[in-house]
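Data block below; observations after.
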Amino acid sequence: MAGAIGAVLGFALGLLEYRIVSGVVIAALRRTDRSTTQAERDDYERRIRVLKLALAVLMIGVTPVLGYVIGRTLFG
C-alpha cells in the first residue's frame, strides 16, 4: 500500500512541478522569441511543444515511479 500512496503523491507533486516549471520556462521563451517570419515562428512554437512534452514525460512520468520506489523502500 505504501508504494501506491507514494506513486499518487509523486504524481501530484510531478503535476504541480510541471505546471510551475513549464509556465515559467515557456513564458520566458516566448518573451525572448526573435522570429521575423511566420515560418520561424511556427518552428519556434513546434520546439516549445516538444519541450513541453519532454517536461511532461520527465516530471509527470518519472516522479510517480520515484514516489512508488521511495514508498516501498521506506514504508513498505
Tell me whether [X] shares a hydrophobic cluster with [Y], the cluster being built from Ile, Leu, Val, Met, Phe, Trp, Tyr side chains joined at under 4.5 Å.
{"X": "Val24", "Y": "Ile48", "value": "no"}
{"X": "Val8", "Y": "Val69", "value": "no"}
{"X": "Met59", "Y": "Phe11", "value": "yes"}
{"X": "Tyr18", "Y": "Val21", "value": "yes"}
{"X": "Leu15", "Y": "Leu51", "value": "yes"}

Has the side chain of [X] got a donor or acceptor atom that lies under 3.5 Å from a matching backbone atom of [Y]?
{"X": "Thr63", "Y": "Ile60", "result": "no"}
{"X": "Glu40", "Y": "Thr36", "result": "yes"}
{"X": "Tyr68", "Y": "Gly10", "result": "no"}

inquiry  = Nearest 0.5 Å, please: how far is CZ in Arg49 from CD1 in Ile26?
reply    =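 Rounded to the nearest 0.5 Å, the CD1-CZ separation comes out at 11.0 Å.
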ask   = Between Arg46 and Asp43, is there a salt bridge with N-O shorter than 4.0 Å?
value =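 Salt bridge between Asp43 and Arg46, a charged N being under 4.0 Å from a carboxylate O: yes.
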key: Other residues, nucleotides, ligands: >12 heavy atoms within 6.0 Å of Arg41 CZ   =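 Buried by this count: over 12 neighbours within 6.0 Å.
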inquiry  = On a heavy-atom basis, which atom in Tyr44 and which in Thr32 lie closest, and how many Å separate them?
reply    =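 Closest approach of Tyr44 to Thr32, heavy atoms only: OH-OG1, 3.6 Å.
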task = Taking all heavy atoms of Gly71 and all of Ala2, pick out the closest pair and write down the distance.
result =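 Reported closest heavy-atom pair: O-CB, 3.4 Å.
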